[in-house]
Student: 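One structure, pasted below without further comment.
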Amino acid sequence: MAPPKKTAVKNVRVFDGEKLLPLGTIFIDGDRIVPYAEGAEVVDGKGGTLLPGLIDAHTHPTSVDHLETLASYGVTTTIVASCHPNAICDSLKNHTGLTDIRFSGLSANSPNSTHAMMLGLKPNETITSASQAPQFVADQIAVGATFIKIVAEQPNSATTLDQGTMNALVDSAHASNLRVACHASDYASVDRALTAQVDQAHHVPTDVPVDAALIARFLAQKTVSVPTLSIFRQLVAGGAAPPSTYTVANTSATQLYQASVPIIAGTDSNDFPTLSVPFGRALHDELELLVGAGMSTVDVLLSATVLAAQHNLLFDRGVVAPGMRADLLLIYGDPIANISATRDIQRVWIAGMEYEGVGTC
């Protein structure tokens, strides 16, 4: 990969968050977008569209190869929704020219939860009472977590975090100025997540769609939704869940959007044998699924750029503007007219470095 340099990307239409601007030029100097760069190497965008680098707000990469794949599809930042063991996230940090990560460390699980069993968590990697919440949060901060993830499952004292522990985890995280994302994929779990006042609800109910009561609480608490429709589609396609799973999830996403609950794009990309969702390409799938759930193409683009950045406190990216990190995706076509245009990837820059070997969707 070539080091960051001065680059002028000319003859491109920039997505400004509402529309595509007339043809113009964007300048890169080092890792930043700048107003002008004297002596810049010129890249002809050939009338294409320049988007902010995409952000996938829920993934589970475990190797540098996964970062390479994400980068090849224009995903320049990803939010890693738990690491087990923690050393995995250490191995994904600070790879110049590859997808940048933020992560939660271990997710908060009770010892007998489905997730704890699936991940093979040891007893000292789980949490059993509210009194352990401050130390759990401190442990995740110590390994570099930028948010806390908790896992809510259907209420059962033997298999899930009790409400008091969930509340204490959120309180402890907020006391340390960290946001909280909660895995919640059924109505009761979303209800419990909102009771704990989490910042982001990851997944949506798949048993019963969200209703007016839940939606009112999303809005009152300013809780964000990350529907991850891709994982539910995969569960159905693989025979691991009935068709109603996706139908209810889609309805939940539609109703949240229609009520103006902020939606962020996330895929739950992973390489678990029975749940596998591809890295990078799945985000383009997710954008199409969100359009299918009734979102406008503009709002879908925002869900994977500026909104994903803002709600994950990444204020140096998500828009194409001077002073911002030079994470950029050049495509042909008009993604406002047809969201599938994001698949026509021409070039990708990550912190000013062009990534060689872009993917095809």
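Keep in mind the model is a prediction, meaning the values are calculated, not measured.
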Student: Please assess F27 against Y36 for the test ring-ring contact (aromatic ring centres under 6.0 Å, His included), listing each intermediate value before the final yes or no.
Tutor: CA-CA 6 Å; F27 294 93; Y36 181 73; 4.9 Å; yes
Student: OG/S176 to CD1/I148 distance, rounded to the nearest 0.5 angstrom?
Tutor: 8.0 Å
Student: Would you call R102 and N312 a side-chain contact if the rule is heavy atoms closer than 4.5 Å?
Tutor: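 No, their side chains stay 4.5 Å or more apart.
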Student: With side chains defined as the heavy atoms from C-beta onward, is the minimum distance between Q255 and P209 less than 4.5 Å?
Tutor: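 The answer is yes; the side chains approach within 4.5 Å.
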Student: Would you give the length of the straight line joining atom CG of D271 to atom OG of S276, rounded to the nearest 0.5 angstrom?
Tutor: 6.5 Å
Student: For the residue pair L106 and V143, establish whether any side-chain heavy-atom pair is separated by less than 4.5 Å.
Tutor: no
Student: Could you walk me through whether T342 and Y73 satisfy the side chain to side chain contact (heavy atoms under 4.5 Å, CB included) test, starting with their C-alpha distance in whole Å, then the side-chain angles of each, then the deciding distance to 0.1 Å, before giving a yes or no?
Tutor: CA-CA 9 Å; T342 65; Y73 286 101; over 6 Å; no
Student: Look at the side-chain heavy atoms of Ile, Leu, Val, Met, Phe, Trp and Tyr, link any pair under 4.5 Å apart, and say whether I79 and V204 land in one connected group.
Tutor: no
Student: Any non-hydrogen side-chain atom of P111 less than 4.5 Å from a side-chain atom of P123?
Tutor: no
Student: Going by distance alone, is a donor N or O of one side chain under 3.5 Å from an acceptor N or O of the other, for T254 and Q258?
Tutor: no
Student: When the ring planes of F279 and H66 are compared, do they come out parallel, tilted or perpendicular, using 30° and 60° as the limits?
Tutor: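 It falls in the parallel class, under 30°.
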Student: Any side-chain donor-acceptor pair under 3.5 Å between D285 and S230?
Tutor: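 Per modelled atom types, D285 and S230 side chains form no pair under 3.5 Å.
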Student: Count the heavy atoms belonging to other residues, nucleotides or ligands that lie under 6.0 Å from NZ of K93, then report whether that count exceeds 12.
Tutor: yes
Student: For the residue pair V80 and P61, establish whether any side-chain heavy-atom pair is separated by less than 4.5 Å.
Tutor: yes
Student: Quick one: does R343's side chain get under 4.5 Å of E288's, heavy atoms only?
Tutor: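 Yes; the side chains approach each other to less than 4.5 Å.
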Student: Do V224 and F218 belong to the same hydrophobic cluster, where Ile, Leu, Val, Met, Phe, Trp and Tyr are linked whenever their side-chain heavy atoms lie under 4.5 Å apart, directly or via other members?
Tutor: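 Not linked; separate clusters.
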Student: Can you tell me how far the CG atom of D65 sits from the CG atom of L70, to the nearest 0.5 Å?
Tutor: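 The CG atom of D65 sits 11.0 Å away from the CG atom of L70.
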Student: Which heavy atom of L51 sits nearest a heavy atom of P335, and at what distance?
Tutor: CD2-CG, 4.2 Å
Student: Do F103 and L67 belong together in a cluster built from hydrophobic side chains that touch within less than 4.5 Å?
Tutor: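 Result: yes, single cluster for both.
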Student: Let me see the working for Y187 and D211 under side chain to side chain contact (heavy atoms under 4.5 Å, CB included), right down to the final yes or no.
Tutor: CA-CA 9 Å; Y187 186 99; D211 57 15; 2.8 Å; yes
Student: Would V319 and T305 satisfy side chain to side chain contact (heavy atoms under 4.5 Å, CB included), going step by step from the backbone distance to the final call?
Tutor: CA-CA 7 Å; V319 296; T305 55; over 6 Å; no
Student: Please determine whether residues I55 and V298 belong to a single hydrophobic cluster, defined as Ile, Leu, Val, Met, Phe, Trp and Tyr linked transitively by side-chain heavy-atom distances below 4.5 Å.
Tutor: no
Student: Does either side chain, that of S104 or that of Q140, offer a donor lying less than 3.5 Å from an acceptor on the other one?
Tutor: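 No donor-acceptor contact under 3.5 Å links the two side chains.
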Student: What are the two closest heavy atoms between L229 and Y246, and how far apart are they?
Tutor: O-CE1, 3.5 Å
Student: May I ask you to check whether over 12 heavy atoms, not counting those of N94, lie within 6.0 Å of atom CG?
Tutor: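 Count not over threshold, so no.
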Student: Regarding D268 and H202, do their side chains bring together a donor and an acceptor under 3.5 Å, going by distance alone?
Tutor: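 Absent: no donor and acceptor within the cut-off.
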Student: Does the side chain of V248 come within less than 4.5 Å of D207's, by heavy atoms?
Tutor: no
Student: What is the distance from atom NE2 of H183 to atom NZ of K149, rounded to the nearest 0.5 Å?
Tutor: 7.0 Å
Student: Does S189 reach the main-chain N or O of E153 with its side chain, forming a donor-acceptor pair under 3.5 Å?
Tutor: yes
Student: Give, for atom OG of S296 and atom CG of L301, the distance between the pair rounded to the nearest 0.5 Å.
Tutor: 8.5 Å
Student: Would a 4.5 Å heavy-atom cut-off, applied to side chains only, mark H115 and S82 as touching?
Tutor: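 No. Closest side-chain heavy atoms not under 4.5 Å.
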Student: Linking I/L/V/M/F/W/Y whenever their side-chain heavy atoms sit closer than 4.5 Å, directly or via other members, would L50 and Y332 fall into one cluster?
Tutor: no
Student: Kindly determine whether L169 and L161 satisfy side chain to side chain contact (heavy atoms under 4.5 Å, CB included), including the steps that lead there.
Tutor: CA-CA 10 Å; L169 284 163; L161 298 171; 4.0 Å; yes
Student: Just by distance, do the side chain of N270 and the backbone of L275 share a donor-acceptor pair under 3.5 Å?
Tutor: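 Pair found, side chain donor or acceptor close to backbone of L275.
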Student: Quick one: closest heavy-atom pair of A8 and T25, and the distance?
Tutor: CB-CG2, 4.0 Å
Student: Using only heavy-atom distances, determine whether the side chains of E125 and H84 contain a donor-acceptor pair under 3.5 Å.
Tutor: yes
Student: Any side-chain donor paired with an acceptor under 3.5 Å for R217 and T195?
Tutor: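 Side-chain D/A pair, R217 to T195: present.
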Student: From the options I33, V348, T76, select the one residue that forms a side-chain contact (heavy atoms from CB on, under 4.5 Å) with L328.
Tutor: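 That would be I33.
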